Amino acid sequence: MLLLVDCSSCHTPLQLPPGARTIRCALCHAVTRIADSRALPPPPYSSSSSSSYHHAPPPSPSPYNQAPPVPPPSAHGRKRAVICAVSYKRTRHELKGCINDAKCMKYLLVNKFNFPEYSILMLTEEEVDPYRHPTKQNMRMAMYWLMQGCQAGDSLVFHYSGHGSQQRNYTGDEVDGFDETLCPLDFETQGMIVDDEINATIVRPLPAGARLHAIVDACHSGTVLDLPYLCRMDRNGNYVWEDHRPRSGVWKGTNGGEAISFSGCDDDQTSADTSALSKITSTGAMTYAFIQAIERGHGTTYGNMLNAMRSTIRNTDNGVGGGIVTSLISMLLTGGSLGGLRQEPQLTANQAFDVYKKPFFL
C-alpha cells in the first residue's frame, strides 16, 4: 500500500517508497523518520469520484500518476515550477546549453512572471544535493511534486532541456506509431521516461481552474505530453488543429484544467544545442527563442508566440556554428552531430482554441 507522510520540517506531504523507513524532502532537505503514516486517499478517477470526466478510463497504475487531494503545502505558493536540465557530462551524449537554459528559464519565471524562487525545483547536474540530479527517479518525483495538492488558481510550469527520443508504440495510441520519450541522466541503465507516463502524471490529474505550461526543448518532442490536439501552423501563420486523440479511446486530456505545451520540434525532427542564436554561449534553440519572444514583446497571444519562435529559429538556418543535437540513435551511431538547424517549435493543448485571440500568460 502507498503511504504519505508529512515532512518533519516543512510539513510537505511526501510519498513513502515501499519498505522505506526514512524519506528526504526535496524542498527543505529534512530527513523524516517514519513513525505515523497515513494511507494514500483514493485517486480522483475512482468510480466514486465527482469529476466531470466520468467516462475517462483510470490512469495506468503508477505511484506518480495522481496528486493526492490535500491542500497545497504553503511552501508551494500558487505558482510553482520544475526546471530540469540534463547535460550528460563526460559522456558521448554531452550537451553544452542545457544548464544555461535552466538558469535563463528560472530568471524569466522569477522576474517576468513572479514565480517565488522557493517554489521552483531545479534538477541539474550542478546541484550538490543528489536528490536534485536529473535522474529518472528524481525526475519522476519532481513531476509528482509539481502536481501535489494542485487546485484551482494554480499556475504550473514544467521545463525540460535535454535529449529526447522515440520508441515503438504497440498499443495503437500514437498516430505515427511511436511514443516520444525524455532521456534522464541515467537513461542508459534506468530507461527513458515515456510520454504516456508524463501525461498520466502532470496532465490527467490537472483540476479545473489550474493551468499547466510545459516547455520541452528536446528532439522528437512535438507530442511529448500526449495532449489531444496539435496546432499545425504553416510559415504564413495559418493553422489548423490536428486531432491526436488515440483511436483506442484512451483519455489523454485533463481533469478539467488547462494544459498547453511548447516543444522544440515536431515528432520527426531534431532540436539544436547551439551558440548561433545568442552569439555568446550555447543554449537550446527552442528555449532561447521562447525567452526572446517574450522579451521582445511577442508574448501577447499563443499564435504570436509560436510565430516569433519559429521566425527566430528559421532565420538561423544558415550559418549555424554551435553544433546540432541529432536524434539519440544517430548520435550513438555516429558519435557526433550532423545536419542543419531544421526544427519547427510546436504547440499542443488539451483542447483547441483560437491561438490569435487567447492571451499568453504563465
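Being a predicted model, the structure only gives us computed values, none of them experimental. Throughout, residue positions are numbered sequentially from 1 according to the sequence presented.
Y239 and W241 have perpendicular rings, their planes meeting at more than 60° on a 0 to 90° scale where under 30° would count as parallel.
In this structure, F360 and T301 have side chains that are not in contact, with every pair of non-hydrogen atoms separated by 4.5 Å or more. Counting heavy atoms from C-beta on, the side chains of I291 and K112 never come closer than 4.5 Å. L206 places a side-chain heavy atom less than 4.5 Å from the side chain of L156. Here the side chains of I120 and L109 are in contact, with some heavy-atom distance below 4.5 Å. Side-chain contact between M139 and I193: present, with at least one pair of heavy atoms (C-beta onward) separated by less than 4.5 Å. Put simply, the side chain of V224 reaches to within 4.5 Å of the side chain of V216, judged on heavy atoms. Looking only at side-chain heavy atoms (C-beta outward), W251 and R245 stay at 4.5 Å or farther from each other.
Going from atom CZ of F262 over to atom SG of C231 covers 9.5 Å, rounded to the nearest 0.5 Å. Atom CE of M122 and atom CG of D129 lie 13.5 Å apart (nearest 0.5 Å). Atom CG of L185 and atom CD of Q137 lie 13.5 Å apart (nearest 0.5 Å). For the atom pair Y131 OH and N138 CG, the distance stands at 8.5 Å (nearest 0.5 Å). With values rounded to the nearest 0.5 angstrom, L146 atom CG is found 9.0 Å from L121 atom CG. Separating the CG atom in N255 from the SG atom in C150 is a distance of 10.0 Å, to the nearest 0.5 Å.
The two residues G297 and T300 have their closest heavy-atom pair at O-CG2, 3.8 Å. Shown here for C84 and P134, the closest heavy-atom pair between the two residues is SG-CB, 3.8 Å. A85 and A102 make their closest contact through CB-CB, 3.7 Å (heavy atoms, listed as atom of the first residue, atom of the second, distance). Between P184 and V86, the shortest heavy-atom contact is C-CG1, 4.1 Å. Heavy-atom minimum distance, E125 versus I99: N-CD1, 4.5 Å. Heavy-atom minimum distance, N350 versus L227: N-CD2, 4.1 Å.
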- Task: Dump the intermediate steps for side chain to side chain contact (heavy atoms under 4.5 Å, CB included) on S263 and T348, then the final yes or no.
- Result: CA-CA 8 Å; S263 52; T348 57; 5.6 Å; no

- Task: For side chain to side chain contact (heavy atoms under 4.5 Å, CB included), just list the numbers for Q346 and R310, CA-CA rounded to whole Å, side-chain angles, deciding distance to a tenth of an Å, and then say yes or no.
- Result: CA-CA 9 Å; Q346 302 294 321; R310 289 184 165 197; 3.2 Å; yes

- Stepwise salt bridge (Lys or Arg N to Asp or Glu O under 4.0 Å) check, R314 with E344: CA-CA 8 Å; R314 190 180 303 131; E344 294 182 326; 5.3 Å; no

- Message: Apply side chain to side chain contact (heavy atoms under 4.5 Å, CB included) to residues L182 and Y160 and explain how you reach the verdict.
- Response: CA-CA 9 Å; L182 301 182; Y160 172 85; 3.6 Å; yes

- So F115 and L108, side chain to side chain contact (heavy atoms under 4.5 Å, CB included) or not? Walk me through it. CA-CA 9 Å; F115 277 66; L108 178 78; over 6 Å; no

- Step by step, would you call E242 with R232 a salt bridge (Lys or Arg N to Asp or Glu O under 4.0 Å)? CA-CA 7 Å; E242 290 182 355; R232 185 66 68 188; 2.9 Å; yes

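Side chain of T254 to backbone of G256: a donor-acceptor contact under 3.5 angstrom is found. For the pair S261 (side chain) and L225 (backbone), a donor-acceptor distance under 3.5 Å is absent. Looking only at distances, a side-chain donor or acceptor of T181 sits under 3.5 Å from a matching main-chain atom of S165. Formation of a donor-acceptor pair under 3.5 Å by the N304 side chain with backbone atoms of G299 is not found in this model. Looking only at distances, no side-chain donor or acceptor of N236 sits under 3.5 Å from a matching main-chain atom of N238. Listed for the N307 side chain is no donor-acceptor partner under 3.5 Å among the backbone atoms of M233. Checking side-chain atoms of Y229 against main-chain N and O of F353 turns up no donor-acceptor pair under 3.5 Å. Remark: the backbone N or O of V194 is not paired with any side-chain donor or acceptor of D179 at under 3.5 angstrom. In this structure, the side chain of K136 engages the main chain of Q190 through a donor-acceptor pair within 3.5 Å.
Side chains of H298 and Q292: no donor on one and acceptor on the other come within 3.5 Å. A side-chain donor from one of S161 and D101 sits under 3.5 Å from a side-chain acceptor of the other. Looking at D186 and T135, their side chains never bring a donor and an acceptor atom within 3.5 Å of each other.
The side-chain hydrogen bond (donor to acceptor under 3.5 Å, both in side chains) test applied to E127 returns no partner, not counting sequence neighbours. Partners of E258 by salt bridge (charged side-chain N to carboxylate O under 4.0 Å, His left out), not counting sequence neighbours, listed by chain and number: K358. Residues satisfying the side-chain hydrogen bond (donor to acceptor under 3.5 Å, both in side chains) test with H213, not counting sequence neighbours, are Y302.
Here E126 does not pair with R132 in a salt bridge; the nearest charged N to carboxylate O distance is not below 4.0 Å. A salt bridge between D154 and R80 is present, with a side-chain N of the basic residue lying under 4.0 Å from a carboxylate O of the acidic one. Salt-bridge annotation for K252 and D226: present, with a side-chain N of the basic residue lying under 4.0 Å from a carboxylate O of the acidic one. Salt-bridge formation is not detected for the pair E94/R92: no Lys NZ or Arg NE/NH1/NH2 atom is positioned less than 4.0 Å from an Asp or Glu carboxylate oxygen.
The aromatic ring centres of F187 and H163 sit 6.0 Å or more apart.
Around the OH atom of Y356, the shell of radius 6.0 Å holds more than 12 heavy atoms that belong to other residues, nucleotides or ligands.
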